[in-house]
Amino acid sequence: AGLAVEAEDTARVIRNITGEDPSYLRPPYGAIDKKTASRIRFPLMLWNIDPRDWDSRDAEKVKQHILDYAFDGGVVLLHDCYESTLSGAMAAVDELQAAGWQFVTLAEYYDLFDIALQPGVVYRGAGLADID
């Protein structure tokens, strides 16, 4: 049960509100293993850049972390419940766009890499899909 049951319960709520299933699932804390992942009917998304916005709640630190660790294929974990996250992330985006960087949705991202997302597989950016 556990995460797989919670994923289905959450998908049902989302479907009741929007009429559609979610496209992806981000496991809480990124805690997932292959056995659990295989029981979930959505692609699972992780990240490879974590500015720890929930810990610092400091827009400048969030911005600087994103700028310091940005790379082609990076997926940044952000929490939209903190104003400092929004401010820091948008400032980083502005600077990176000014330097020629482009930003895409997850669907666009995986299309660029020609990766067809599979249910029960964990992805963490740049095509990485392997966990222990």
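- In this model, no donor atom of one side chain and acceptor atom of the other lie less than 3.5 Å apart for Thr10 and Glu6.
- Closest heavy-atom contact between Trp47 and Val76: CB-C, 4.4 Å.
- By the 4.0 Å N-to-carboxylate-O rule, Arg41 lies close enough to Glu8 to be salt-bridged with it.
- Under a hydrophobic-cluster definition in which Ile, Leu, Val, Met, Phe, Trp and Tyr are linked whenever side-chain heavy atoms come within less than 4.5 Å, directly or via other members, Phe71 and Leu96 are assigned to the same cluster.
- Residues Val75 and Arg124 have side chains not in contact (no heavy-atom distance under 4.5 Å, counting atoms from C-beta outward).
- With a 4.5 Å cut-off on side-chain heavy atoms, Val122 and Leu46 count as touching.
- With values rounded to the nearest 0.5 angstrom, Arg15 atom CZ is found 4.5 Å from Asp21 atom CG.
- Side-chain atoms of Gln102 never come within 3.5 Å of backbone atoms of Gly100 as a donor-acceptor pair (strictly under, hydrogens ignored).
- Proximity of Gln64 to Lys61: side-chain heavy atoms (C-beta onward) are nowhere separated by under 4.5 Å.
- Of the possible donor and acceptor atoms, none in the side chain of Tyr82 sits under 3.5 Å from a partner among the backbone N and O of Ala59.
- For the residue pair Ile66 and Ala89, the shortest heavy atom distance occurs at CD1-CA, 4.0 Å.
- In terms of modelled atom types and a separation under 3.5 Å, the side chain of Gln97 and the main chain of Asp94 share no donor-acceptor contact.
- Residues Leu44 and Val121 form no side-chain contact, since every pair of their non-hydrogen atoms from C-beta on lies 4.5 Å or further apart.
- Atom CG of Asp80 has 12 or fewer neighbouring heavy atoms from other residues, nucleotides or ligands inside a 6.0 Å radius.
- Under the 3.5 Å distance criterion, the side-chain polar atoms of Asp53 are left unmatched by any main-chain donor or acceptor of Leu78.
- Inter-residue side-chain proximity for Leu112 and Val104 is flagged as met; some heavy-atom pair is nearer than 4.5 Å.
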Please determine whether side chain to side chain contact (heavy atoms under 4.5 Å, CB included) holds for the pair Met45 and Tyr110, giving the CA-CA distance in whole Å, both sets of side-chain angles, and the decisive distance to 0.1 Å. CA-CA 11 Å; Met45 295 295 161; Tyr110 285 101; 4.0 Å; yes

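- With hydrophobic clusters built from ILVMFWY side chains whose heavy atoms lie under 4.5 angstrom apart, Ile40 shares a cluster with Leu117.
- At most 12 non-hydrogen atoms from other residues, nucleotides or ligands lie less than 6.0 angstrom from CG of Asp114.
- Between atom NZ of residue Lys63 and atom OG of residue Ser87 there is a gap of 11.5 Å, rounded to the nearest 0.5 Å.
- In this structure a side-chain-to-backbone donor-acceptor pair under 3.5 Å is missing from Arg39 to Thr36.
- In this structure, Cys81 SG and Arg57 CZ are separated by 7.0 Å, a value rounded to the nearest 0.5 Å.
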Take Leu106 and Tyr24 through the side chain to side chain contact (heavy atoms under 4.5 Å, CB included) test and state the conclusion after the steps. CA-CA 9 Å; Leu106 284 173; Tyr24 320 99; 3.7 Å; yes

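- For the residue pair Pro27 and Ala31, the shortest heavy atom distance occurs at CB-O, 3.7 Å.
- Formation of a donor-acceptor pair under 3.5 Å by the His65 side chain with backbone atoms of Arg52 is not found in this model.
- For the pair Tyr123 (side chain) and Gln118 (backbone), a donor-acceptor distance under 3.5 Å is present.
- Closest of all the heavy-atom pairs between Phe42 and Ala7 is CE1-O, 4.3 Å.
- At least one side-chain heavy atom of Ile14 sits under 4.5 Å from a side-chain heavy atom of Pro22.
- Under the 4.5 Å side-chain criterion, counting only non-hydrogen atoms from C-beta, Trp101 is not in contact with Glu95.
- In this structure, Asn48 and Tyr69 have side chains that are not in contact, with every pair of non-hydrogen atoms separated by 4.5 Å or more.
- Hydrophobic clustering (ILVMFWY, side-chain heavy atoms < 4.5 Å, transitive): Val62 and Leu86 are in distinct clusters.
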